[in-house]
*Asks:* 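Got a structure for you, questions after.
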2 protein chains.
Amino acid sequence: MSHDSCLVQKLSHYVPLSQCSLDSIACLEREERDYDRGTEIHAEGDSNTNLYVVRQGWLYSYADLKDGRRQIVEIHHPGDIIGFPDIAFNERTTVLKAAEDVRLCPFPKKDLDQVFSNAPQLAALLFALAVRNQVILTDFLQAVGRMSARERIAYFLLDLMARLRIANKPMSTTFRLPLNQTEISDVLGLTNVYVSRSFTALQKDGLIRRDNGTVEVLEEDKLISLCDFVDRHARIDTSWFPKP
Amino acid sequence: MSHDSCLVQKLSHYVPLSQCSLDSIACLEREERDYDRGTEIHAEGDSNTNLYVVRQGWLYSYADLKDGRRQIVEIHHPGDIIGFPDIAFNERTTVLKAAEDVRLCPFPKKDLDQVFSNAPQLAALLFALAVRNQVILTDFLQAVGRMSARERIAYFLLDLMARLRIANKPMSTTFRLPLNQTEISDVLGLTNVYVSRSFTALQKDGLIRRDNGTVEVLEEDKLISLCDFVDRHARIDTSWFPKP
DNA sequence: CGATTTGTTGACTGGTTTCAACAGTGGTGG
DNA sequence: CCACCACTGTTGAAACCAGTCAACAAATCG
């Protein structure tokens, strides 16, 4: 491989990529650009001509609510592609913000037709990941709609771990969490105050330990049964993909 | 057209369908089958070999929560395709239930490769609708995560109307709602008791009127501003689709 | 007509929000 | 080097929205 692409690494996790899939991906990652922590890379209502591959750092997409609060609808990690949900619209539906210093590969939406016409395997994979996201979102909807604050936090941590494990299999149970409690509350539909209380409670019960921007999951099984977590990230069914 | 397909009608709303798209759809609607109200057409954990086109009647998909409650994650109307979110998995993630007497067209998941290889326009359209669903779901997430009960009900009604209008443009502001309040509470993450209270409150304020399984929206503008509703159903950007 | 489902209403409870004060941390400039 | 400020996390007290439990009314069905 010409360079170390976390997008390639993440996608290969699901299916061995054909050469033309690899070529298509390389074409999406031609350009690179850095953004500082806190930068709003695009705003709601911007025309969306670009998608982005994440090279480095965490970002998130959020919507502003009429009462001034925010709902963070997606957290983006290295190896993710940002912008698919919006391609059916002319305008962005969310604000994209860098949670820390990041490096992105922007590519025009129009380049996707190249994927669809030249790399059917990659097209099918992207489609499968898009529809899987619906399932992940509905899981999350259950968490936000039906669970208590500490259960939601458990869910949040387990979901992050499941995602990070795709890119980094031998990951331990400790990981960096470059989001503050206000941001976490905007993900989970809570207040920063109650996120603080619930985190403290989980720590007091010995389920997790926090240390300066990192989280260690001490009792993964208990967290899983606390929120009935199902890992939707680990595997997908690729049997129906078109054969090369 | 050989028969009156609401799937064709719904998809044509977005883009004029090419002949090979129409042929592909016809192939998905070969078989028909009826189910009675209340039937569980498939359960969570069933192997998912079939998808379904809805011909007639409403259905919904729900997940059982560990405490015995349910979360309804999707309501299916005539002209919808049921099952896309699960195609990346070997097993169903939700239970599919008929909200009233329904008629479905089951077709095997494997038939989709035919769509991908023979009808690129249809493939792109289905992809666009799938990713758009993510946006709709995140909108809904905001409603469930951040809004009061009466705001959620407003959102629910407006979303239904927006969907029904795709299939039936000259629809008035009155529509049939074949779901009971317990089912609505399972959609919105509320209790049946509070759904009742909130409905009554909305009616008392003159925003809606109910009559025996139908709802009339009296003050659509007020409902819209109450929950900051955005209609994501009306139009999609098809400019990037592959040309025939 | 009785039985079941569905919707309504009341009283009480409780988890989360709100408002507020305060502590710890890091960064900045004088 | 320290004063100052912004940001972040913590804790307490009070208020409130929605849940829970329960009884009952209304509609539907066989």
Side-chain angles (χ1 to χ4, degrees), chain A residues 36-38 65 67-72 97-101 142-156 176-205 208-215 226-227, chain B residues 36-38 60 65 67-72 97-101 143-156 176-205 208-215 226-227:
Chain A
D36 289 339
R37 165 169 190 266
L65 279 67
D67 62 3
R69 293 179 305 180
R70 311 185 301 176
Q71 175 72 45
I72 294 180
K97 192 166 183 175
E100 52 186 341
D101 293 351
Q142 292 169 49
V144 168
R146 299 295 201 164
M147 292 182 191
S148 70
R150 55 168 23 221
E151 289 166 342
R152 290 189 222 184
I153 300 228
Y155 191 93
F156 173 72
R176 214 166 46 86
L177 179 51
L179 298 174
N180 67 37
Q181 293 188 348
T182 300
E183 288 165 331
I184 295 172
S185 75
D186 288 336
V187 175
L188 298 175
L190 296 165
T191 56
N192 56 349
V193 174
Y194 220 71
V195 168
S196 172
R197 289 192 227 268
S198 308
F199 255 123
T200 307
L202 285 176
Q203 185 157 10
K204 201 163 285 170
D205 292 350
I208 62 167
R209 182 159 51 211
R210 290 171 299 162
D211 180 45
N212 188 29
T214 69
V215 176
L226 183 61
C227 60
Chain B
D36 288 341
R37 165 167 190 267
Y60 54 83
L65 280 66
D67 61 3
R69 292 178 305 180
R70 313 183 301 177
Q71 175 71 46
I72 294 180
K97 193 166 185 174
E100 52 185 341
D101 294 350
V144 168
R146 300 294 201 165
M147 291 183 191
S148 72
R150 54 169 22 224
E151 288 165 342
R152 290 188 221 183
I153 302 241
Y155 192 91
F156 173 72
R176 214 167 45 86
L177 179 51
L179 298 174
N180 66 36
Q181 292 186 353
T182 301
E183 290 166 330
I184 295 172
S185 74
D186 288 336
V187 175
L188 297 175
L190 296 165
T191 56
N192 55 350
V193 175
Y194 222 73
V195 168
S196 172
R197 288 194 228 268
S198 308
F199 256 122
T200 307
L202 285 175
Q203 186 158 10
K204 200 163 286 170
D205 292 352
I208 62 168
R209 182 161 49 209
R210 287 171 299 163
D211 179 46
N212 187 30
T214 69
V215 177
L226 183 60
C227 60

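Small disclaimer: the values here were computed from a predicted structure and weren't measured. A note on names: the letters A, B, ... follow the listed sequences, proteins ahead of strands, and every chain is numbered from 1.
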*Asks:* Counting side-chain heavy atoms from C-beta on, which of dT8(C), dT18(C), dT8(D) comes nearest to T200(B)?
*Replies:* dT8(C)
*Asks:* Contact class for G213(A) vs. all strands (heavy atom < 4.0 Å): base, sugar-phosphate, or nothing?
*Replies:*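 The answer is nothing, as G213(A) stays clear of every strand by at least 4.0 Å.
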*Asks:* Please give, in whole Å, the distance from dT10(D) P to N192(A) CG?
*Replies:*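 Whole-Å distance recorded here is 11 Å.
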*Asks:* Once you apply a heavy-atom cut-off of 4.0 Å, does G38(A) come out as touching a base, just sugar-phosphate, or nothing?
*Replies:*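 Answer is nothing: G38(A) stays at 4.0 Å or more from every strand.
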*Asks:* Out of dT16(C), dT8(D), dG19(D), which nucleotide sits closest to the side chain of R37(A)?
*Replies:*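 That would be dT8(D).
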*Asks:* Taking only N and O in the side chain of Q181(A), is any of them less than 4.0 Å away from OP1 or OP2 of dT10(D)?
*Replies:* yes
*Asks:* Return the value, rounded to whole Å, for the distance between atom CD of E183(A) and atom P of dT8(D).
*Replies:* 7 Å
*Asks:* To the side chain of T191(A), which of dT17(C), dT8(D), dG19(D) is closest?
*Replies:* dT17(C)
*Asks:* Once you round it to whole Å, what is the distance between C1' of dT16(C) and CD of E151(A)?
*Replies:*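 Rounding to the nearest Å, CD of E151(A) and C1' of dT16(C) are 14 Å apart.
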*Asks:* Could you check which of dT8(D), dT6(C), dG9(D) has an atom nearest any side-chain atom of S196(A)?
*Replies:* dG9(D)
*Asks:* Among dA11(C), dT16(C), dG7(C), find the nucleotide with the atom closest to the side chain of R197(B).
*Replies:*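 Closest of the options to the side chain of R197(B): dA11(C).
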*Asks:* To check you understand the geometry: which heavy-atom pair defines the closest contact between R37(A) and D101(A), and what is its length?
*Replies:*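 For R37(A) versus D101(A), the nearest heavy atoms are N-OD1, 2.7 Å.
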*Asks:* Ignoring the backbone of Y194(B), work out which of dC21(D), dT6(C), dC17(D) is nearest its side chain.
*Replies:*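 Looking only at heavy atoms from C-beta outward on Y194(B), the closest nucleotide is dC17(D).
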*Asks:* For a 4.5 angstrom cut-off between non-hydrogen side-chain atoms, does L226(A) reach L202(A)?
*Replies:*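 Result yes, sub-4.5 Å side-chain heavy-atom pair found.
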*Asks:* Across the strands shown, which category fits V195(A) at heavy-atom distances under 4.0 angstrom: base, sugar-phosphate, nothing?
*Replies:*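 No contact at all - V195(A) keeps every heavy atom at 4.0 Å or more from the nucleic acid.
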*Asks:* Side chains of R209(B) and Q203(B): is there a donor and an acceptor less than 3.5 Å apart?
*Replies:* no
*Asks:* Are M147(A) and C227(A) close enough that some pair of their side-chain heavy atoms sits under 4.5 Å apart?
*Replies:*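 They are in contact (side-chain heavy atoms under 4.5 Å apart), so the answer is yes.
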*Asks:* If the condition is side chain to side chain donor-acceptor pair (under 3.5 Å), which residues does N192(B) pass it with, not counting sequence neighbours?
*Replies:* none
*Asks:* Reckon R210(B) touches a base, only the sugar-phosphate, or nothing at all at heavy-atom distances under 4.0 Å?
*Replies:* sugar-phosphate
